[in-house]
Amino acid sequence: MADVRPEEISAILKQQLAGFGADTNLEEVGTVLQVGEPRRR
């Protein structure tokens, strides 16, 4: 198994995240009527 170096993994993750661009659009499509836990039987 190859040696895992945390600093190398961190550098790769930072490089990948630096190029990440999130294009989002907000659209309202309905109304929440109720929120909660399901009842147990």
Subject >> Arg5: side-chain hydrogen bond (donor to acceptor under 3.5 Å, both in side chains) partners, not counting sequence neighbours >> reply: Glu7
Original post:
Applying the 4.5 Å side-chain criterion to the ILVMFWY set and letting contacts propagate, would Leu13 and Val4 be lumped into a single cluster?
Top reply: yes
**OP:** Applying side-chain contact (heavy atoms from CB on, under 4.5 Å), name anything that partners Ile12, two or more places apart in sequence or on another chain.
**Re:** Glu8, Gln16
Subject >> For Glu37, side-chain hydrogen bond (donor to acceptor under 3.5 Å, both in side chains) partners two or more places apart >> reply: none
